[in-house]
Protein chains: 2
Amino acid sequence: MFPVNEDEMARSQWIEDLEWVRPGLQTRSQQTQAKLLDAAAELFAAKGLAATTVADVAARAGCTTGALYHHFKDKQALLFALLQRTSEEYRATIQAAVDPARWEGARCLEILRAYLEFSLETGRNRPVSKGAAIEVAREDEGFREHLAELRSELNEGLLALLMARRDEIGHPEPETAAKFVLDVLGSLISTRLDELLLPTFLADRPDAEFVDEALTAAAAYLGLRTD
Amino acid sequence: MFPVNEDEMARSQWIEDLEWVRPGLQTRSQQTQAKLLDAAAELFAAKGLAATTVADVAARAGCTTGALYHHFKDKQALLFALLQRTSEEYRATIQAAVDPARWEGARCLEILRAYLEFSLETGRNRPVSKGAAIEVAREDEGFREHLAELRSELNEGLLALLMARRDEIGHPEPETAAKFVLDVLGSLISTRLDELLLPTFLADRPDAEFVDEALTAAAAYLGLRTD
DNA sequence: ATTATCTATAGATCTATAGATAATGC
DNA sequence: ATTATCTATAGATCTATAGATAATGC
């Protein structure tokens with residue numbers, strides 16, 4: 001291929017504490033910031049990053065670009081703050097979801113079903129500026145690592161839940177099989193949520209059928225004992 | 001949600017014959033057009049659509065914006081022409097790949113292995129401006145339909161190959177099972193090719209291992225007779 | 001003679017800032 | 001008194017065009 005950047009690759013700009021976001025001392029300030037992030041989330045998801053101007057975001061949030069720039073250093077800072085907020089919500093959700101205490105007494109299939117149903121619902125109802133995230137991930141190593149870490153938290157959490165129930169699994173190599181099943185389910189969910197580029201046979205069937213089909217296949221592959 | 005367009009949704013601009021591309025009567029002209037499309041493919045894939053200026057494309061193709069605009073009505077025409085060229089190549093590849101004559105005497109597993117290996121190799125070596133395609137697909141119904149048709153040609157072709165070998169399939173509902181397996185393999189490939197947002201357990205294992213694992217799972221689910 | 005390319009730039013955005021005005025809370 | 005917001009606009013891009021120059025092929 002060819003070099004993306006003429007000069008040397010820029011170092012990661014993704015850091016946990018965003019000093020380019022004004023702390024926001026007044027209540028009003030925090031409300032405006034939240035509104036700006038909400039607006040950015042919707043617009044980036046609907047129109048894409050480049051097609052959304054800072055004026056669009058400000059207008060949708062009910063303020064002006066001047067106010068926007070009071071809160072965020074520049075357009076990228078707005079984007080990063082949005083990605084970070086989304087990230088934090090996502091991480092909290094994951095941690096609650098894979099908490100072993102929450103699933104005491106549950107069987108593998110129950111856990112996997114909840115994973116599928118919850119992922120589909122969340123993916124449907126929350127605007128995610130996937131394109132924007134891809135653009136940042138393409139250029140920012142730090143953000144890529146952050147994403148990998150998040151995903152790993154989910155994957156490893158689910159894996160631990162399954163492994164704690166390894167006596168349910170008939171497959172001769174439970175761990176390898178479980179990892180593969182999690183890869184498959186993750187891929188299926190992601191494809192189903194983003195039908196634009198990759199239509200599937202199951203695309204026009206209802207979610208319930210998709211979930212059942214996926215679970216049946218997972219159970220068969222893992223060799224889950226129905227007891 | 002909220003309306004993406006203030007006015008009514010624009011009608012599809014994706015049509016098969018692009019009248020906004022100059023026919024190109026001289027040999028030189030066709031070469032320049034090809035170079036411009038090559039340049040656009042590389043730059044859109046590497047930097048994204050919005051971050052690539054028409055001047056970038058022209059420079060990479062070794063000409064100037066003036067020449068570019070001689071060939072293409074505007075930036076969108078360049079993009080559409082690129083998507084169309086890619087599409088045509090893809091369709092030709094698909095048609096050759098799922099031609100029943102080509103697979104005479106082959107077993108299901110052989111076909112599926114070729115599908116996996118070929119998709120991975122192609123996806124790796126050819127720059128695809130996925131982001132650009134997503135942006136067009138988001139706004140253009142006609143292009144979405146076109147994509148669905150392409151994908152369907154691949155899916156249906158593969159399905160026909162498998163169904164012609166339904167005696168190999170032990171699963172009680174061979175067609176349903178085959179469709180599901182094709183969905184799963186398609187999703188896995190797509191995820192593996194685009195690791196940016198969705199890291200998997202198998203991500204850091206070599207392709208060969210990924211392919212074997214996927215095929216083993218497919219064979220188990222379909223209940224493929226090993227003869 | 002016609003087609004393709006280049007040079008130079010007008011016009012349209014869009015980002016980001018400076019300076020004025022309004023709201024907050026000690 | 002400090003923080004937040006608004007108004008107005010300078011400066012930076014980028015698209016697309018007009019008009020001049022160069023290459024092609026009948």
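Chain letters run A, B, ... following the sequence lines, proteins first and then strands; every chain starts at 1. All values below were derived from every heavy atom in this structure, side-chain atoms included, with hydrogens, water molecules and symmetry-related copies excluded.
- A:K75 places its NZ atom 15 Å from the P atom of C:dT13, with the value rounded to the nearest Å.
- Summary of the strand contacts: B:V54 and A:R28 both lie near DNA chain D, and taking for each the nucleotide with the nearest heavy atom, the more 5' one is attributed to A:R28.
- A 4.5 Å side-chain heavy-atom check between A:L37 and A:F72 finds at least one atom pair inside the cut-off.
- Taking only side-chain nitrogens and oxygens, A:T53 never comes nearer than 4.0 Å to OP1 or OP2 of C:dC14.
- A donor-acceptor pair under 3.5 Å is formed between the side chain of B:R22 and the backbone N or O of B:H70.
- Secondary-structure stems of DNA chain D, taken as three or more successive Watson-Crick or G-U wobble pairs (i with j, i+1 with j-1) under a 3.5 Å distance threshold, comprise C:1-24 with D:1-24.
- Contact annotation: A:H71 side-chain N/O to D:dT3 OP1/OP2 distance is not under 4.0 Å.
- With sequence neighbours excluded, the residues that form a side chain to side chain contact (heavy atoms under 4.5 Å, CB included) with A:L147 are A:A137, A:F143, B:L197.
- Within a 6.0 Å radius of CD in B:E209, more than 12 heavy atoms belonging to other residues, nucleotides or ligands are found.
- Remark on DNA chain C: of its neighbouring residues A:K73 and A:A51, the 5'-side contact belongs to A:A51, judged by nearest-heavy-atom nucleotide.
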Between the protein and nucleotides 6-11 of chain C, list the N/O to N/O atom pairs that are separated by less than 3.5 angstrom.
from  : atom 1 : to    : atom 2 : distance (Å)
C:dC6 : OP2    : B:T64 : N      : 2.9
C:dC6 : OP2    : B:T64 : OG1    : 3.2

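- Here B:H70 does not reach the OP1 or OP2 of C:dT5: none of its side-chain N or O atoms lies under 4.0 Å away.
- In this entry the distance linking CG of A:D56 with P of C:dT13 reads 12 Å, nearest Å.
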